[in-house]
Amino acid sequence: MSRKLLLEHAHIEGINGYETYRKHGGYRAVEKALKNMAPADVLEEVKKSGLRGRGGAGFPTGMKWSFLAKPEGVPRYLLCNADESEPGTFKDRYLMEKIPHLLVEGMILSAYALGANTSYIYIRGEYSWIVFILEKAISEAYAKGWLGNNILGSGFDCDLYVNPGAGAYICGEETALIESLEGKRGNPRIKPPFPAVKGLWQCPTVVNNVETLAAVVPIVNEGGDNYARIGVGRSTGTKLISAGGNINKPGVYEIELGLPMEEFIYSDDWCGGIKNGKRLKACVPGGSSVPILPHYLVTKTAAGENRLLSYESLADGGFESGSMLGSGGFIVYDEDQCVVRNTWNFTRFYHHESCGQCSPCREGTGWMEKVLERLENGKGKLSDMDLLVEVAKKIEGNTICPLGDAAAWPVASAIRHFRDEFEWHVREPEACMQRNYGLVKEKAEMA
Amino acid sequence: MKVTKGSANDARPLPKLVASCQTQVLDGMEVANITSEEVLNARKGVVEFLLINHPLDCPICDQAGECHLQDLSFEHGLADTRYEFERRTFEKIDIGPYIKLHMTRCILCYRCVYTAQQLTPERVHGVIGRGDHAEISTFIEKAIDNDFSGNVIDVCPVGALTDRTFRFKSRVWFLKPMDAHRNCEKCSGKAVVWMYGNEIYRVTGRKDQYGEVHDFICNTCRFEKKALEDWTIEGPRDIDRHSVISQNHYENKTVTVK
């Protein structure tokens with residue numbers, strides 16, 4: 001087992017209450033930072049740690065923070081993006097449900113580093129019960145003097161609010177989140193200006209994922225250099241992976257980045273292998289929006305190297321033969337799953353969640369969904385695959401926010417790797433309603 | 001639009017295509033517009049997407065002849081569609097006594113929403129739902145009741161919002177647009193009256209060559225002043241030679257060639 005930094009105490013009874021959390025070293029980092037460190041020191045530690053955004057894009061957090069504009073007399077805001085709605089991802093939910101104080105602590109530290117006196121946790125509407133868990137944690141933190149005015153006599157004021165959304169995937173996009181928080185329709189804004197310059201109420205704003213903010217706590221406790229020692233290359237630290245699908249032990253795991261995929265899927269410490277002794281067919285390593293990997297590219301890259309759970313290794317091979325770490329929604333498919341049906345399901349989600357601001361995404365996602373529905377039900381045409389690739393290409397890159405790309409990638413990658421299966425759905429419409437295609441053949445085998 | 005060179009200081013091209021209307025011009029910036037294959041392809045894609053849920057009812061649409069979507073599809077569109085599924089349809093709605101909303105034709109550009117929000121003090125009109133199931137709507141079909149509400153008709157690029165006092169009266173290319181003005185206490189009174197013989201069929205705001213409205217006009221001028229004596233006619237409106245509306249009507253303004 002590897003080291004746990006975030007979920008170290010998650011199993012302890014009552015850790016969601018203040019007393020237990022404090023007894024196990026909680027708020028030590030706030031004490032350390034507010035008493036002995038200047039805001040710039042905290043920022044420096046985060047930069048040294050090499051922490052990268054855990055929400056999906058993997059942008060270095062320290063760099064993002066240093067971009068924050070600091071004009072005189074204008075408030076700055078820190079927003080926590082808890083609008084975790086990607087199919088397959090449920091890591092933030094676990095973290096907030098189990099140890100809400102870790103997020104509160106991480107937010108106080110981050111707000112201190114950024115000089116933000118008001119912070120918001122924007123949480124998705126479907127997590128309605130977690131709102132109460134967080135609010136309880138926040139009121140405990142207020143009562144014990146960790147939030148409010150002049151925290152620990154340092155002169156730093158910090159207010160923290162929880163704001164539930166109304167249930168929209170698009171509000172997880174940072175500018176849509178800001179719009180929604182302002183009480184408007186959650187449509188993404190055109191960038192630039194970036195939120196770091198003009199964000200919430202036109203003030204400089206930083207938006208970070210729950211896990212990113214929570215990771216600031218161990219970084220301050222242990223020091224950025226020590227944190228950076230964990231992991232491989234530019235993927236430092238630990239990452240929560242929410243594993244699901246046809247595996248023996250689904251759940252949220254904290255891994256050290258750089259863990260081999262093979263070990264993660266098959267070791268009893270982690271997922272424990274494929275259910276019922278079946279064979280692996282495919283894997284979506286980072287939530288529904290990243291490209292799908294066929295079985296022969298899951299444990300090895302196209303170049304034959306071991307594939308690791310890290311930002312770089314998963315992206316190895318680009319869109320041709322790689323994927324992305326994304327938000328860590330790890331979905332495993334066994335040989336009895338249908339890729340066409342899965343792709344249809346994902347596309348149905350994106351069709352439902354597209355905000356409708358940009359025409360390619362608004363109309364394209366619906367179009368792809370209808371074509372995929374036809375294919376899945378054995379009424380497709382051989383030309384449909386080219387049509388889907390073409391539509392996906394027209395969506396990708398032509399929208400304001402990445403939702404269009406997120407909708408296009410799974411379709412394009414599924415057709416790239418599983419074209420045989422799609423064609424089989426057209427050629428044998430009767431059979432595709434009764435059984436599944438099975439494993440795809442590796443290109444080398446087919447030759 | 002493709003930015004092929006970022007600026008004099010930073011020559012890197014921008015990775016994605018950008019919208020020309022919201023990109024800040026920098027010194028030394030170089031852009032490719034119709035010379036970039038990528039841009040033309042992307043536009044073609046967007047037009048195809050726009051037409052997916054837009055009905056082909058141009059022969060009976062009041063906007064025909066002055067429709068931006070018509071012009072766009074003429075410029076970029078394909079002759080046939082690859083879309084083989086049912087299009088979305090809606091019942092027509094009367095919003096107030098003057099405006100007809102036909103959502104089937106709407107391409108969800110939000111222009112009417114932005115205009116209404118800028119012009120009117122209360123928010124009575126917006127977008128509900130999301131994605132391709134979104135709708136432009138008034139607050140539970142409440143009428144837009146405002147002196148300047150008629151301007152949403154002018155900004156609508158397609159025939160989704162039309163003038164109820166003009167619906168099905170004539171095709172726009174049979175009418176002669178004339179610049180006219182009147183003394184109005186609510187607005188500037190500068191408008192375009194669309195005439196057939198000595199009859200005024202409809203009144204609209206004045207638009208520039210890019211289709212932007214110069215002066216928003218009030219509902220009294222737009223819907224209620226249709227008698228010739230209400231207006232001082234200034235003369236024929238300058239209409240772009242390429243527009244169908246200029247057909248058979250006027251010579252272009254005389255330009256002296258030096």
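Chain letters run A, B, ... following the sequence lines, proteins first, then strands; residues in each count from 1. Basis for what follows: all heavy atoms, side chains included, without hydrogens, waters or symmetry-related copies. As the structure is a prediction and not an experimental result, all values here were calculated from the model.
Other residues, nucleotides and ligands contribute over 12 non-hydrogen atoms within 6.0 Å of the CZ atom of B/Arg167. Residue B/Phe74 places its CZ atom among 12 or fewer non-hydrogen atoms of other residues, nucleotides or ligands, all under 6.0 Å distant. Residue A/Arg341 qualifies as open at atom CZ: its count of foreign heavy atoms under 6.0 Å is 12 or below. In A/Lys198, the NZ atom is not crowded: 12 or fewer heavy atoms of neighbouring residues, nucleotides or ligands sit closer than 6.0 Å. The neighbour count for B/Lys207 NZ, taken as heavy atoms of other residues, nucleotides or ligands under 6.0 Å away, is above 12. Annotation: B/Lys5, atom NZ; neighbour count of heavy atoms from other residues, nucleotides and ligands within 6.0 Å is above 12. When the shell of 6.0 Å around NZ of B/Lys92 is examined, it contains 12 or fewer heavy atoms from other residues, nucleotides or ligands. Residue B/Asp208 places its CG atom among more than 12 non-hydrogen atoms of other residues, nucleotides or ligands, all under 6.0 Å distant.
Rounded to the nearest 0.5 angstrom, A/Lys370 NZ and B/Tyr83 OH are separated by 3.0 Å. With rounding to the nearest 0.5 Å, the separation of CG in B/Asp132 from NE2 in A/His351 is 3.0 Å. Atom-to-atom distance recorded for A/Glu363:CD and B/Arg87:CZ is 10.0 Å, nearest 0.5 angstrom. Here the OG atom belonging to A/Ser383 is positioned 10.0 Å from the CZ atom belonging to B/Arg82, to the nearest 0.5 angstrom. Once rounded to the nearest 0.5 Å, the distance linking CG of B/Leu108 with SG of A/Cys358 reads 12.0 Å. In this structure, NZ on A/Lys394 lies 7.0 Å from CZ on B/Phe49, to the nearest 0.5 angstrom.
When A/Thr365, A/Asn187, A/Ile170 are compared by the number of non-hydrogen pairs under 4.5 Å with chain B, A/Asn187 comes out ahead.
The two atoms that bring A/Arg185 and B/Val127 nearest to each other are NH1-O, 3.4 Å, heavy atoms only. For A/Ile190 against B/Gln22, the heavy-atom pair with the smallest separation is CG2-OE1, 2.6 Å.
The backbone N or O of A/Thr399 lies less than 3.5 Å from a partner atom in the side chain of B/Lys16, making a donor-acceptor pair.
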| query | Going through the checks in order, is the side chain to side chain contact (heavy atoms under 4.5 Å, CB included) test met by B/Leu50 and A/Arg362? | reply | CA-CA 9 Å; B/Leu50 283 174; A/Arg362 178 181 69 227; 3.6 Å; yes
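The part of A/Glu390 that comes within reach of chain B is its side chain, from C-beta onward, which places non-hydrogen atoms under 4.5 angstrom from that chain. In this structure, chain A has no heavy atom under 4.5 Å from any part of B/Gln24.
For the residue pair B/Arg130/A/Tyr169, the side-chain donor-acceptor check at 3.5 Å is not satisfied.
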